[in-house]
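Input: a single structure, listed below in structure tokens.
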Amino acid sequence: MPTDPTTHLLSAFESPDYQPPLLPSVATELLELSGWAEVDFEKVIALLEKDPLLAGRVLQIAQSPLYPSKSKILSLKHAVVRMGLRSLVDVFFEATLKLKIFKAPGYEWPMAELQRHSTATAYVTRLVCRYAKVDGEHAFLCGLLHDVGIAASLITLAEKRKGPDLPDLGRVWPAIFAAHEKASEILAARWKLPVEIQRVLGHHHDPSVDGQVDPVAAAVCVAECVSSHLGAGIGNETEASTPVVAQSAIGLGDAELRLLIVEARDLIAQIG
Ligand SMILES: [Fe+2]
Ligand SMILES: [Fe+2]
């Protein structure tokens, strides 16, 4: 009996033969370093400089209005000292996803939309955690990576069928959408990202995990609805979300949400 397209996609990701898009080892090394109490900044800079293209993009983001600074950031060393390692890891992942992951020949337009949605959701998730006082060490990365399963699906389709044989996005979208939360979780596991991130990615539309709300998953759920509301959405994605339940679960009041939306609008306007 033929399997339905969603099951087919998920089996492809779960197969031991699946080759996930390559996440530079520098990304996971940096993430690991960021958890250390004391970090050698020279070691961090040496790691960053392994990939000059990525290092250049990191510097560009660090110099953008998204990271306001009293004095202009002139070098990677300056960026590490000024921003701190935690923010630098976030910026590194942002640059990596843009340059290396959100790419699928033939699906350039949806990938660009997905990249914008993911970046916007990352910044807004950080904002939601601040407003709702959620302890979200990995908040930005969870927002950035929440829909990476959609990217993985588009990459898989583009690798199998090229040019005129590429499936029409409208036809494959329902299967991609139905599979994407689980696909994001699988990808995070294959990239050996922390289990907290894997859990959030797998529950970002309905943040209940075993009967308990995961606060960061709830923050991502609210953030992606805010991003969509402000014109940085993707497809009909928010129809599957439960933002009111998520908002109440993290104690974010309506008045705070209105203030947050004003701040989020400015942030999203800065995203390229
Ligand atoms: Fe999303
Ligand atoms: Fe999603």
Side-chain angles (χ1 to χ4, degrees), residues 5-6 9-10 13 20-21 90 93-94 97-98 101-102 104 107 109-129 134 136 138-157 169-170 172-189 191 193 196-209 213-247 249-250 257 260-261 264-265 267-268 271:
T6 306
L9 261 178
L10 285 176
F13 295 134
D90 292 346
F93 269 79
E94 181 184 340
L97 259 70
K98 184 174 173 115
I101 308 291
F102 290 128
Y107 289 129
W109 178 78
M111 275 300 206
E113 293 286 294
L114 183 61
Q115 188 255 323
R116 183 171 155 73
H117 169 64
S118 303
T119 309
T121 303
Y123 283 96
V124 180
T125 302
R126 195 189 265 165
L127 211 54
V128 172
C129 285
V134 167
H138 298 308
F140 185 94
L141 292 187
C142 289
L144 185 71
L145 296 164
H146 77 287
D147 282 336
V148 80
I150 296 177
S153 300
L154 294 175
I155 292 167
T156 300
L157 291 171
L169 187 61
V172 290
W173 177 255
I176 292 177
F177 184 68
H180 87 283
E181 272 185 309
K182 188 68 192 164
S184 295
E185 187 178 357
I186 293 171
L187 205 57
W191 282 338
L193 297 179
E196 306 91 86
I197 297 183
Q198 296 175 31
R199 187 175 58 235
V200 170
L201 267 45
H203 295 85
H204 67 265
H205 285 288
D206 177 2
S208 290
V209 185
V213 170
D214 180 303
V216 181
V220 174
C221 180
V222 171
E224 79 155 352
C225 289
V226 170
S227 301
S228 300
H229 170 72
L230 296 173
I234 176 146
N236 54 345
E237 218 205 356
T238 52
E239 284 173 20
S241 291
T242 51
V244 177
V245 176
Q247 186 193 334
I250 52 175
L257 182 63
L260 183 155
I261 288 173
R265 182 175 280 117
L267 267 180
I268 291 174
I271 292 168

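Order of listing sets the numbers, starting from 1, for every ligand and every atom in it. In this text the structure is predicted, and so the values were computed from the model without any measurement.
- Between atom CD1 of residue Ile197 and atom OG of residue Ser184 there is a gap of 12.5 Å, rounded to the nearest 0.5 Å.
- Here Ile250 contributes atom CD1 and Asp214 contributes atom CG; the two are 10.5 Å apart, rounded to the nearest 0.5 Å.
- Between Val134 and Val128, every side-chain heavy-atom pair lies at or beyond the 4.5 Å cut-off.
- In terms of distance to the Fe ion (ligand 1), the nearest N, O or S atom of His117 is named NE2.
- For the pair Leu145 and Leu97, the minimum side-chain heavy-atom distance is below 4.5 Å.
- Within the protein, the N, O or S atoms sitting under 2.8 Å from the Fe ion (ligand 2) are Asp147 OD1, His180 NE2, His204 NE2, His205 NE2, Glu237 OE2.
- Considering only residues two or more places apart in sequence or on other chains, His180 meets the side-chain hydrogen bond (donor to acceptor under 3.5 Å, both in side chains) condition with Asp147, His204, His205, Glu237.
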### Task
Could you go through the side chain to side chain contact (heavy atoms under 4.5 Å, CB included) check for Leu144 and Thr121 one step at a time?
CA-CA 6 Å; Leu144 185 71; Thr121 303; over 6 Å; no
